[in-house]
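The structure under discussion appears below in the form of structure tokens.
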2 protein chains.
Amino acid sequence: MARKSATGRIGIADVAVKAGVSHATVSRVMNGNFTVDPDIAARVRAAAVELKYQPNPVGRSLALGKTDTIGIVVPDLANPTFQAILRGLSRAAAEDGYRVLIADSFEVSSEEAILAGEARRRCDGLVLCAPRMSDAELEEIAPSLHPLVLINRTTAAAGIPSLVVDYGQGVQDLAEYLVGLGHTRLAFLAGPAGSASNGLRLEGLEAFKARHPQVEVTMLDGGSDFDTGHGAVDSVLASGATGILAFNDLVAMGLMSGLHERGVDVPGDISVTGFDDIPFARYTTPTLTTAAVPIAELGGQAWRELRALIRKEDHDAPGSRYQPRLEIRASSGPAKAPRTAAHG
Amino acid sequence: MARKSATGRIGIADVAVKAGVSHATVSRVMNGNFTVDPDIAARVRAAAVELKYQPNPVGRSLALGKTDTIGIVVPDLANPTFQAILRGLSRAAAEDGYRVLIADSFEVSSEEAILAGEARRRCDGLVLCAPRMSDAELEEIAPSLHPLVLINRTTAAAGIPSLVVDYGQGVQDLAEYLVGLGHTRLAFLAGPAGSASNGLRLEGLEAFKARHPQVEVTMLDGGSDFDTGHGAVDSVLASGATGILAFNDLVAMGLMSGLHERGVDVPGDISVTGFDDIPFARYTTPTLTTAAVPIAELGGQAWRELRALIRKEDHDAPGSRYQPRLEIRASSGPAKAPRTAAHG
DNA sequence: TTGAAAGCGCTAACAG
DNA sequence: CTGTTAGCGCTTTCAA
């Protein structure tokens, strides 16, 4: 039989024997090298087809020093935002013949560096998605991960493009919008402590508070999922705020669900806003006002940045900043006139 | 400097030189082979640390004939079901030191075979998720993909474990439940034509109809996403059915959203059920009655089956069948007494 | 135009 | 216990 190689699979050697030529010639034919005599090339191709030969990518990778694979490290594959980035990245990379290897750190920040290093060694480049590690650690490992693209995080290390969403601006837009509706008492349901995007939101809110000293902004502890929002109902009600800025859409949905159970009307009693504009946001009841992040686009752009690095192209504008767009829906409305003020 | 190798990265040779030993010894130390003199081992380790040496996985893969990577092919990475399977698979595989490479066919069934083959060659095994290709094609390529695990699809090819969800039983449970509530006119919003799981649902409904000849079951065209459900409002209302079995939760949510816009009360006027029990199902308004599929478990089980194959373990029960569990929530309720019958 | 041979980075059998 | 040597499957000089 044709199976000679140690691995039991058809190798280039089998094709060479069958076609009566050398390995080198088979390699040339398989790579479309036109310096091969057409007759011989045809013979090689026939042999390859007959044996169902497919080049072993591992052998190629070793010889070529590239794997045609990129890696992505995410803190939590269950998060719709990271799923969308992954999807956009995968699609864009696939169009250029690259595959993607995923690594989920399950929000264990101490694992990130190891995962990233391992993934990087098997790939031609890496996308690090909202890493939870410290600035110092990120700056230290970043050079060893090159080509590397960062999402929602920046670093002082040189030559690392960053794609960041301007969460600070987004949360300010939401807050301004609520104030425009007459709300004077706001509350922010914060995200995970380690999250850089949460930090950006906090900075944005500071700027907002400086501009609107008369508006009360209560900070509440939170997280990034449904249950966080659902569990925050008590503290939200206790805050007395009528405009709630949830860390993201999931939290907002959990909160709306909890408020609904308590008989609190949204937006009649309380206005709720999310962040991200995940697909479900337009299907909640009421539909969710949020700041839309062009997330799939982000994945595609991450690939283009990474590709430029892999190809060693000089490219002028490494990284970019994305502005969220206010998406006004039904979960927000005019502030209720205070009970004590309204009379009759 | 230490960088000698052609790729510009630190290789085993650099460590060998630095420690004054042979490559082989370095390899032994790095692989925890205890036949190495402790002093020498320490010297090697010190050299490795100093040079920040990390073994090149591609070289290892070629030598060992394994990549410690598995592949998964999905029809659509945007689908929550496949996302959940991916997540479960990734988590389970990671616990055994395996990584996962993803391939999205974007519902282009003609691409599946190529994607699967490519992914397989770079990996030690493959999970094919709900492939859309024909039975004949699947049976033909399956052997070349071994070790292979199938999800929501079976094949006559030998030695291929299949994990299938019993959609037929699930849809029957939902239908029986609705009938128990007094509904006598049901409608089924079908899924994508190529989907095997849709076929199973249809078979289940045939069995149901045989048992309940007095119940009217209207078949409506559909799809698998929000918009499908949202767009089906007219045909649903036209059918006169009071109990709607949506293909999945997404479709059900889209439908509920559309019914809400039309002022139709769910479950007062019409009961709606989904399928899958995606995380959002418990947060819709009203919360969604559905058939829960233990989807994350499925990903984990897929890995265990694949692992057994990779390790060439004989294992008695390849594949398994998952029974959906009825999850009764607020989107379903008693059938309204017909207007004409109620009086006063 | 083609083949022989070297090499990608690593593991492992085989001597010593 | 350690070094030498031979691959793993492929690409790519270098001669012929």
Side-chain angles (χ1 to χ4, degrees), chain A residues 2-45 47-48 51-68 118 120-124, chain B residues 2-45 47-48 51-68 118 120-124:
Chain A
R3 321 197 137 224
K4 310 171 63 176
S5 86
T7 57
R9 295 181 93 74
I10 305 292
I12 199 171
D14 303 285
V15 182
V17 169
K18 176 132 201 155
V21 296
S22 69
H23 328 227
T25 297
V26 176
S27 174
R28 290 187 186 103
V29 173
M30 297 309 289
N31 291 293
N33 185 324
F34 290 114
T35 70
V36 179
D37 180 285
D39 291 349
I40 297 194
R43 215 165 67 214
V44 168
R45 263 187 283 271
L51 295 175
K52 294 188 180 155
Y53 167 68
Q54 301 286 144
N56 177 330
V58 179
R60 292 198 86 217
S61 291
L62 190 58
L64 295 172
K66 69 199 199 73
T67 61
D68 292 338
E118 278 185 355
R120 177 59 188 86
R121 259 168 268 128
R122 301 176 177 274
C123 300
D124 299 343
Chain B
R3 320 198 137 224
K4 309 172 62 174
S5 87
T7 57
R9 296 182 92 74
I10 305 292
I12 200 171
D14 303 285
V15 181
V17 169
K18 177 134 201 153
V21 295
S22 70
H23 330 224
T25 297
V26 176
S27 174
R28 290 187 187 104
V29 173
M30 297 308 290
N31 291 294
N33 185 325
F34 291 114
T35 69
V36 179
D37 179 284
D39 291 349
I40 297 193
R43 216 164 67 214
V44 169
R45 261 187 285 271
L51 295 175
K52 294 188 180 153
Y53 167 70
Q54 301 285 144
N56 177 330
V58 180
R60 292 199 85 217
S61 291
L62 190 58
L64 294 172
K66 69 201 199 75
T67 61
D68 292 338
E118 277 186 356
R120 176 60 187 84
R121 257 168 269 129
R122 302 177 177 272
C123 299
D124 299 343

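No experiment lies behind these values; they were computed from the predicted model shown.
If you measure from atom CZ of A:Arg43 to atom C1' of C:dG3, you get 13 Å, rounded to the nearest angstrom. Rounded to whole Å, atom P of D:dC8 lies 21 Å from atom CZ of B:Arg122. Counting to the nearest Å, the C1' atom of C:dC10 and the CG atom of B:Asn33 are 15 Å from each other. In this structure, A:Ile10 atom CD1 and D:dC10 atom P are separated by 11 Å, rounded to whole Å. Distance, B:Asn31 CG to C:dA12 P: 7 Å, rounded to whole Å.
Side chain of B:Ile12, nearest nucleotide from C:dG3, D:dT11, C:dT11: C:dT11. Taking the side chain of B:Leu62 as heavy atoms from C-beta on, and the options D:dC8, D:dT2, D:dC10, the nearest nucleotide is D:dC8. When distances are taken from the side chain of B:Asn56 to each of C:dC8, C:dG9, C:dG3, the shortest belongs to C:dG9. Listed nucleotides C:dT11, D:dG3, D:dC1 differ in distance to B:Val21; the shortest reach to its side chain belongs to D:dG3. Nearest nucleotide to the side chain of B:Arg28, out of C:dC14, C:dC10, C:dT1: C:dC14. Side-chain proximity of B:Ala24 to C:dA12, D:dT11, D:dT12: nearest is C:dA12. The listed nucleotides are D:dC8, D:dT11, C:dA12; the one nearest the side chain of A:Leu64 is D:dT11.
Sorted by first and then second residue, the salt bridge (Lys or Arg N to Asp or Glu O under 4.0 Å) pairs involving residues 51-64 of chain A (not counting sequence neighbours) form an empty list.
B:Val15 places none of its side-chain heavy atoms less than 4.5 Å from the side chain of B:Met30.
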